[in-house]
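Fair warning: this is a prediction, and the values are worked out from it, not measured in the lab.
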Amino acid sequence: MTRNKLYTFISVLSLLGYAWLGYQTFSEKQSSSIGQVCMFKATTTLPCPSCGSTRSVLAILQGDLSQAFYFNPLGFLLIIGLFILPLWIMRDVLLNKDSFFKFYLLFEKWVVKKPITMSLLAIILLNWGWNIYKDL
């Protein structure tokens with residue numbers, strides 16, 4: 001992936017994430033439940049590993065960290081990404097740097113190592129089990 005494609009992809013994902021959070025914040029005030037959008041859960045009735053992530057991020061934004069952890073611990077990674085990545089990319093673009101792209105390339109080489117991949121897969125599976133146990 002080229003630098004420009006990566007930066008565009010991350011920027012679009014961030015904008016979609018902000019739009020989704022804005023929509024959920026607005027719709028939460030209109031009704032008490034967040035709409036069901038998980039295709040996996042709609043099909044299988046089981047929550048996916050990322051189910052509860054939106055509620056987790058919203059709870060973090062409201063300062064309720066324990067509730068955020070309960071909804072989905074991955075929400076902490078999402079909120080960090082939503083705040084840091086766009087700023088990092090804007091910095092790179094404004095200063096004509098490619099520090100995020102270099103980081104991405106190093107991360108890509110690191111994450112494909114078998115012990116790292118297996119560890120991350122185990123974490124995702126544990127989180128999935130946690131979501132199924134909670135019956136999100």
Side-chain angles (χ1 to χ4, degrees):
M1 182 175 293
T2 66
R3 175 191 181 269
N4 290 342
K5 283 183 181 180
L6 176 67
Y7 285 21
T8 301
F9 180 71
I10 297 295
S11 297
V12 168
L13 281 182
S14 296
L15 286 173
L16 289 172
Y18 285 124
W20 179 247
L21 287 174
Y23 171 76
Q24 290 300 329
T25 299
F26 177 74
S27 68
E28 187 176 37
K29 292 177 182 174
Q30 300 300 321
S31 83
S32 61
S33 66
I34 294 177
Q36 174 71 17
V37 295
C38 180
M39 296 300 290
F40 185 85
K41 186 170 183 177
T43 304
T44 67
T45 71
L46 292 172
C48 73
S50 66
C51 276
S53 295
T54 300
R55 288 174 280 179
S56 178
V57 170
L58 292 172
I60 292 168
L61 292 174
Q62 294 170 355
D64 193 347
L65 302 182
S66 62
Q67 188 70 10
F69 185 83
Y70 175 78
F71 282 138
N72 195 324
L74 297 177
F76 290 93
L77 293 176
L78 283 175
I79 200 154
I80 289 168
L82 279 172
F83 284 105
I84 291 175
L85 296 183
L87 293 174
W88 194 350
I89 289 171
M90 281 194 309
R91 178 192 169 277
D92 274 4
V93 169
L94 292 174
L95 299 176
N96 201 23
K97 304 277 184 182
D98 60 353
S99 63
F100 177 71
F101 185 63
K102 288 178 182 175
F103 169 79
Y104 169 79
L105 293 175
L106 288 173
F107 180 77
E108 193 176 45
K109 286 181 183 175
W110 175 77
V111 80
V112 296
K113 295 178 181 175
K114 191 171 183 175
I116 303 298
T117 302
M118 297 307 288
S119 298
L120 292 174
L121 183 59
I123 290 169
I124 290 170
L125 290 174
L126 285 170
N127 191 60
W128 191 14
W130 171 244
N131 281 348
I132 293 169
Y133 174 76
K134 295 179 298 187
D135 194 28
L136 275 182

Undergrad: Nearest 0.5 Å, please: how far is CE in Met118 from CG in Leu125?
TA: 9.0 Å
Undergrad: What about Leu16 and Tyr23, same hydrophobic cluster or not, with Ile/Leu/Val/Met/Phe/Trp/Tyr joined at side-chain heavy-atom distances under 4.5 Å?
TA: no
Undergrad: Side-chain atoms of residues 77-88: list all donor-acceptor pairs with protein atoms under 3.5 Å, sequence neighbours left out, distances to 0.1 Å.
TA:
unit_1	atom_1	unit_2	atom_2	d
Trp88	NE1	Ser99	OG	2.7

Undergrad: Taking atom NZ as the centre, does Lys102 end up with more than 12 heavy-atom neighbours from other residues, nucleotides or ligands that are less than 6.0 angstrom away?
TA: no
Undergrad: To the nearest 0.5 Å, how far apart are CG in Leu6 and CZ in Phe103?
TA: 11.0 Å
Undergrad: Under 4.5 Å between side-chain heavy atoms, hopping through other hydrophobics if needed: is there a path connecting Tyr7 to Leu105?
TA: yes
Undergrad: Kindly work out whether a path of hydrophobic side-chain contacts (I/L/V/M/F/W/Y, heavy atoms less than 4.5 Å apart) joins Leu21 to Phe76.
TA: yes
Undergrad: Compile the donor-acceptor pairs under 3.5 Å between side chains in residues 44-51 and protein atoms, sequence neighbours left out, one pair per line.
TA:
unit_1	atom_1	unit_2	atom_2	d
Thr44	OG1	Phe40	O	2.8
Thr44	OG1	Leu46	N	3.1
Thr44	OG1	Leu46	O	3.4

Undergrad: Please round to the nearest 0.5 Å and tell me the distance separating atom CE of Met1 and atom CD1 of Ile10.
TA: 8.0 Å
Undergrad: When rounded to the nearest 0.5 angstrom, what is the spacing between OG in Ser56 and OH in Tyr70?
TA: 12.5 Å
Undergrad: Answer with yes or no whether the hydrophobic clustering places Met90 together with Phe100; edges join I, L, V, M, F, W, Y residues whose side-chain heavy atoms lie under 4.5 Å apart.
TA: no
Undergrad: What pair of heavy atoms forms the shortest contact from Ile89 to Ser11, and how long is it?
TA: CG2-OG, 4.0 Å
Undergrad: Shortest non-hydrogen contact from Lys134 to Phe71?
TA: NZ-O, 3.0 Å
Undergrad: For Asp92 versus Asp98, what's the shortest heavy-atom pair and its separation?
TA: OD2-C, 3.4 Å
Undergrad: Quick one: OG1 on Thr25 to CD on Gln62, what's the gap to the nearest 0.5 Å?
TA: 7.5 Å
Undergrad: Hey, is the main chain of Arg3 close enough, under 3.5 Å, to the side chain of Tyr104 for a donor-acceptor pair?
TA: no
Undergrad: Quick check on Phe101: does its CZ atom have over 12 non-hydrogen neighbours (other residues, nucleotides or ligands) under 6.0 Å away?
TA: yes
Undergrad: Working to the nearest 0.5 Å, report the span between OG1 of Thr54 and CH2 of Trp20.
TA: 6.0 Å
Undergrad: Search all heavy atoms of Trp130 against all heavy atoms of Phe69 and return the closest pair with its distance.
TA: NE1-O, 3.9 Å
Undergrad: Please say yes or no: joined through hydrophobic side-chain contacts below 4.5 Å, possibly via intermediate residues, are Leu120 and Val112 part of one cluster?
TA: yes
Undergrad: Name all residues meeting the salt bridge (Lys or Arg N to Asp or Glu O under 4.0 Å) criterion together with Lys97; count only those two or more places apart in sequence or in a different chain, and write none if there are none.
TA: none
Undergrad: Which heavy atom of Ser53 sits nearest to which heavy atom of Asn72, and what is that distance?
TA: OG-ND2, 3.5 Å
